[in-house]
Amino acid sequence: MAADMRLPTIQKPVSLSVSALGRKDLVVPGDVITSDTGFMRGHGTYVDEDKLTASVAGEVQRVDKLICVRPLKTRFNGEVGDVVVGRITEVQQKRWKVETNSRLDSVLLLSSVNLPGGELRRRSAEDELTMREYLQEGDLISAEVQSVFSDGALSLHTRSLKYGKLGQGVLVQLSPSLIKRQKTHFHNLPCGASVILGNNGFVWLYPTPEQQDEEAGGFYTSLEPVGLSDREVISRLRNCLLALAAHKVLLYDTSVLYCYESSVQHQVKDILKPEVMEEIVMLTQQKLLEQEG
């Protein structure tokens, strides 16, 4: 059996350029954020000797006079309007439980889904009996956060035709802090694949559909075999996502596409080698800086 052997290499310290990472004001526990008493204390901070101090490692966020620290490594804390990718874990009475990488399981109510055909009508007892035909344990879905319960659990909905059950593709689980908030989290990339960048850190890669069935109501799932070229593109994108995440680069359509373009000269299996990964990420950061400039 052939084994891939490599000589040891000296690990060069990776310089994390703040502008390249798109991060500002990174702090660690104990760092003084400000000594100005005019600010309000938010999550991830505490007051020590009249100074606002960070209690977690993360990014300082300011909204008017409110200062909070968003942790770099944390479970997903959803907000209304967030796009999520999740997995059905249980079918209950009039609801599905969904794993969304948050502290508590999220809830998808029967009244919060479009029935097949996009029908908008009152849900009957008959609909409740056939719930498992729509979604069952293990199914992956894309959804939007509709509301947040008092205990922090999320209520989801799939009423738009762009949400619903997911078919053929690959799920990549990353840190929620690496997903950049954008107007849309659904992207058809020029390389022939599409991506759903869930705010919860779950990223879904799938072949770009030639035509979307408008009458599907979010339950259309193509189970046609995926061609070799599409599988290679999706595998390359997956490894690019892991490379960007390993170097703490924010994930959005532009950074993913630049990383894909930078990786084309390497084989898919080589992208995760440390030296290749570092080279690809550096090229990606240079392209992002040139774009900003």
Side-chain angles (χ1 to χ4, degrees), residues 27 29 33 39-47 52-115 120 122-125 127-128 131-132 134-160 162-166 173-185 196-204 218:
V27 294
I33 301 170
F39 283 100
M40 295 168 60
R41 183 174 72 86
H43 293 294
T45 65
Y46 65 96
V47 177
L52 194 62
T53 310
S55 62
V56 295
E59 179 186 3
V60 177
Q61 294 185 332
R62 293 177 170 85
V63 180
D64 295 329
K65 292 197 172 184
L66 176 68
I67 293 183
C68 57
V69 178
R70 184 186 177 200
L72 291 180
K73 192 171 183 181
T74 180
R75 282 280 193 167
F76 173 57
N77 293 312
E79 299 174 14
V80 175
D82 282 353
V83 173
V84 300
V85 174
R87 189 183 295 278
I88 303 293
T89 58
E90 195 176 336
V91 182
Q92 297 183 331
Q93 186 177 12
K94 294 187 178 180
R95 68 183 63 197
W96 291 271
K97 292 188 82 172
V98 189
E99 159 59 20
T100 54
N101 197 26
S102 48
R103 289 183 301 105
L104 301 167
D105 277 343
S106 302
V107 171
L108 176 63
L109 297 173
L110 178 60
S111 58
S112 299
V113 303
N114 269 357
L115 297 177
L120 295 175
R122 291 180 66 87
R123 306 298 184 257
S124 63
D127 292 323
E128 194 175 336
M131 278 177 63
R132 197 170 257 107
Y134 306 144
L135 295 168
Q136 59 183 346
E137 291 88 350
D139 283 348
L140 283 164
I141 63 167
S142 60
E144 185 177 309
V145 177
Q146 179 173 277
S147 59
V148 183
F149 295 119
S150 56
D151 60 357
L154 306 176
S155 177
L156 310 177
H157 82 86
T158 62
R159 286 203 198 92
S160 168
K162 64 183 177 180
Y163 303 125
K165 189 175 175 181
L166 301 174
Q173 300 185 22
L174 305 168
S175 170
S177 63
L178 293 175
I179 307 296
K180 183 177 181 179
R181 288 183 179 275
Q182 292 183 285
K183 287 183 178 178
T184 178
H185 286 253
I196 304 175
L197 294 165
N199 286 109
N200 59 332
F202 286 7
V203 178
W204 181 250

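Applying the salt bridge (Lys or Arg N to Asp or Glu O under 4.0 Å) test to every pair with at least one member in residues 138-151, sequence neighbours left out, gives these pairs: D139-K165. The list of salt bridge (Lys or Arg N to Asp or Glu O under 4.0 Å) pairs with a residue in residues 81-96, not counting sequence neighbours, reads D82-R181.
Between atom SG of residue C68 and atom CD of residue E59 there is a gap of 9.5 Å, rounded to the nearest 0.5 Å. With rounding to the nearest 0.5 angstrom, the OG atom of S177 is 11.5 Å from the CG atom of N77. Note that CG of L109 is 10.5 Å distant from CD of Q92, once rounded to the nearest 0.5 Å. Atoms CZ and CG, from F76 and L104 in turn, are 12.5 Å apart once rounded to the nearest 0.5 Å. Taking OG of S112 as the reference point, atom CG of L156 lies at 8.5 Å (rounded to 0.5 Å). Between the CD1 atom of I196 and the CD1 atom of I141 there is a distance of 10.5 Å, given to the nearest 0.5 Å.
Under the salt bridge (Lys or Arg N to Asp or Glu O under 4.0 Å) criterion, R41 pairs with no residue at all, not counting sequence neighbours.
Here the side chains of V91 and L135 are not in contact, with every heavy-atom distance at 4.5 Å or above. Residues L140 and W204 have side chains in contact (heavy-atom distance under 4.5 Å, counting atoms from C-beta outward). Looking at heavy atoms from C-beta onward, H185 lies in side-chain contact with I179 at the 4.5 angstrom threshold. Between I33 and R62 the shortest side-chain heavy-atom distance falls below 4.5 Å.
At distances below 3.5 Å, at least one donor-acceptor pair connects side-chain atoms of N200 with backbone N or O atoms of T100. The backbone N or O of G44 lies less than 3.5 Å from a partner atom in the side chain of S55, making a donor-acceptor pair. The main-chain N or O of Q146 is never found under 3.5 Å from a side-chain atom of S155 such that the two would form a donor-acceptor pair. Between the side chain of N199 and the main chain of V83, a donor-acceptor pair closer than 3.5 Å is present.
When all heavy atoms are compared, the tightest approach of V85 to F202 is O-CD2, 3.1 Å. Heavy-atom minimum distance, V148 versus G78: CG2-O, 3.8 Å. E99 and N101 make their closest contact through OE2-N, 3.0 Å (heavy atoms, listed as atom of the first residue, atom of the second, distance). Of all non-hydrogen atoms in E137 and T89, the two that sit nearest each other are CG-O, 3.6 Å. The heavy-atom pair separating G152 from R103 by the smallest distance is CA-NH2, 4.2 Å. The two residues F39 and D64 have their closest heavy-atom pair at CE2-O, 4.2 Å.
Surrounding NE2 of H157 are more than 12 heavy atoms belonging to other residues, nucleotides or ligands, all under 6.0 Å away.
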